[in-house]
Protein chains: 2
Amino acid sequence: MPRKKVTSIDVAKLAGVSQPTVSRALDPGSPVSPETRARVLAIASELGYTPNVIARSLKSQSTNIIGIVMSNLASSFFSNNVLEQFAHQLQALGKQLLLFSAPPDRPVDEILPQVLGYQVDALIITSSTPGQAIIDECARIGTPVILFNRFAPGTQANVVGCDNEEGGRQVANVLLDAGHQRIAYMAGTSGTASNLMREKGFMDQLKTRGYVECMRENGFYSYEAGRTAARSLLDRDDPPDAIFCAADVMALGALDVARYELGIQVPEDLSIIGFDDIPLASWPAYNLTTIHQPINRMISAALELVTYNEDDFPIRQITLLPGELVIRGSARIA
Amino acid sequence: MPRKKVTSIDVAKLAGVSQPTVSRALDPGSPVSPETRARVLAIASELGYTPNVIARSLKSQSTNIIGIVMSNLASSFFSNNVLEQFAHQLQALGKQLLLFSAPPDRPVDEILPQVLGYQVDALIITSSTPGQAIIDECARIGTPVILFNRFAPGTQANVVGCDNEEGGRQVANVLLDAGHQRIAYMAGTSGTASNLMREKGFMDQLKTRGYVECMRENGFYSYEAGRTAARSLLDRDDPPDAIFCAADVMALGALDVARYELGIQVPEDLSIIGFDDIPLASWPAYNLTTIHQPINRMISAALELVTYNEDDFPIRQITLLPGELVIRGSARIA
DNA sequence: TTGAAAGCGCTAACAT
DNA sequence: ATGTTAGCGCTTTCAA
């Protein structure tokens, strides 16, 4: 038995037809006589023939492959949900995901040329923001780029995300409304648009309402970073009575440090609010008050951009969907 | 500006060389005069030329794409770690991951032909076990298949996994050693090899040591299923004083139900032991005693199979790496 | 309805 | 060291 894939030529020979006829028989839209089609399909299935998608792509200039660039897959507890949703929805459309895991310390631009080499039909980027050059190149060759929860000021890329800035403002409001006096912001991975916008909305709104001396601690989107940042904040002489964490996973770290390392009562002595509403946030061990990202609607919006017609291409779209405060038990608020 | 990818022909024209020379200039191993190579590379980078991997694959019969089939990406808290590791390691080898998310309720065999259509160089399967026909087909065309923590009795596929059976035995031993009287097994997703083997090792060892009346509850690899199963077990007239959960994520659900719904002291009144050692297991809110899966070594072993030489193909390999009991605070054991 | 022919962009064999 | 030629497996004109 030869180590060889079955090709349409093999099927054609056995069926006594030409090779293109095999192609047509497999394409429901093509005109083939019912008998021929039946015979070809029978032989194809008998031989276990599967069309070579690579060859088809070369000819048809469309791979049905969507490139997705992520980082934090293991640590954020948010990306994995996003990824699974994308995978399911795209598979239903007959499209596949080519996954690129971006090291958080290196610019995406280094791996994007590689991704484009695979002739992906679209590119979803959920890690850091790519440079202008790459985005221009994608526009030139007609490859849609969707920044998912990433914002690239001044570029032509499409953006789908949660309205992070408004989310930050909401948190500022509820904390001030509840009478918190010493408020802190625990930042996420620096340079990410999500962190920038959440911080901006939060800080701006605090200032607007006359609260200016907000504490701040650098962080990173991970549980451990949340723990570290929480220690810094809570060891101060004037520790905060409320912390807004840029992501749920950091908030969980902060909660654990407060409760199990420092013996601080949450929410009695300290309010903690997160952002994302990951599944863990609702578990009773945490019961985290947070801003819910409308992930289903965000995915749907992204998918529309993935599949839009090339003619629509030059239209740049920015879709920011509102988050929603989910009140649980980690914050003393009205 | 034309909506068209730059091809090697474009580069060739501008450089005043033939198209194959462009190919050679980009391949460090090919003989090209230094001056020519420099000129070609300069022009290529100026035009933003990226080789078309699809075309290359068609010719070279190797795509550098590895197919990976997963389910539970969002819910298990284990798969996402596996996936990220694979992605990183494979990228370092210049290979990419084509991700297929398998619906848990449908057989993998339905999507595998589709995967093979992409001419993947290897196939990693971490969801359910594929049928014999597909595995034979892969063997015939020389595509390595690696079952990751899945076991297909009687097939020729390669297997890499944790020694689940031995892990189950270890748990049986420590629970009996500590004098537990009413022991229960909380099963994972039925039909998965991991669940089968863990249960077998556990039950067999209990019996060997004279304990026969082990309770049992059906479950599924998710937090919610762990909660549901825990309620069933703990609502019994003779509730268990120890539960071995087939996966950490179920154990976390069980812990939360015990503590927050039923007010049961863990580990004083109930011992809970999991399997996997996911990151959450070490968080102080859970502090779960569990069997650690040697995920790094499992990934390495799988990667060796992914990249092995075709000549080695017929050698089937089964690699079972030992897990390790990690003693934390959720079980009253010696 | 079907077959013949061309070609997607690249690599590999051969020739120079 | 470089150019010429062929061909990977498929889809897509174009004829018949």
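Keep in mind that what you see is a predicted model, and the values were worked out from it rather than measured. Every chain is numbered from 1, with letters handed out A, B, ... down the list of sequences.
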Short side-chain donor-acceptor distance under 3.5 Å, B/N80 and A/E84: no
Short side-chain N/O contact from A/Y118 to OP1 or OP2 of C/dG9, under 4.0 Å: no
Phosphate contact (D/dC10 OP1 or OP2) by A/S8 side-chain N/O below 4.0 Å: yes
Every protein N/O within reach of nucleotides 14-16 of chain C N/O, cut-off under 3.5 Å:
none

Spacing of A/I9 atom CD1 relative to C/dA5 atom P, expressed in whole Å: 14 Å
d(CZ, B/R56; P, C/dA12) in whole Å: 9 Å
Side-chain (B/N195) to main-chain (B/G191) donor-acceptor, under 3.5 angstrom: no
Residue whose nearest DNA chain D nucleotide is more 5′ - A/D27 or B/E35: B/E35
Pair B/D136, B/Q132: side-chain N/O donor-acceptor within cut-off below 3.5 Å: yes
Residue pairs passing the salt bridge (charged side-chain N to carboxylate O under 4.0 Å, His left out) test where at least one lies in residues 109-121 of chain B, sequence neighbours excluded: B/R106-B/E110
Polar side-chain atom of B/R24 near backbone of B/Q19 as donor-acceptor pair, under 3.5 Å: no
d(NZ, A/K13; C1', D/dG9) in whole Å: 13 Å
Pairs meeting criterion side chain to side chain donor-acceptor pair (under 3.5 Å) with involvement of residues 66-77 of chain B, two or more places apart: B/N72-B/S75, B/S76-B/S79
For atom CG of A/L26 and atom P of D/dT11, their distance in whole Å: 8 Å
B/F148 and B/F86 aromatic ring geometry - parallel, tilted or perpendicular at 30°/60° bounds: perpendicular
D/dT2 phosphate, OP1 or OP2, under 4.0 Å from B/S18 side-chain N/O: no
Close approaches to DNA chain D from residues 36-44 of chain B, in residue order (heavy atom, under 4.0 Å): B/T36
Heavy-atom donor-acceptor pair, B/Q91 side chain to A/S101 backbone, under 3.5 Å: yes
With A/S194 via side-chain contact (heavy atoms from CB on, under 4.5 Å) - residues at least two apart: A/R150, A/N164, A/T192, A/R198, A/Y221
Between A/N296 and A/Q85, a side-chain donor and acceptor under 3.5 Å: yes
Protein and nucleotides 6-8 of chain D: nitrogen or oxygen contacts under 3.5 angstrom:
| unit_1 | atom_1 | unit_2 | atom_2 | d |
| --- | --- | --- | --- | --- |
| D/dC8 | O2 | B/K59 | N | 3.3 |

Check: B/T63 side chain, B/Q119 main-chain N or O, donor-acceptor pair, under 3.5 Å: yes
Sugar-phosphate only, base, or nothing, as touched by B/V53 at under 4.0 Å among non-hydrogen atoms: nothing
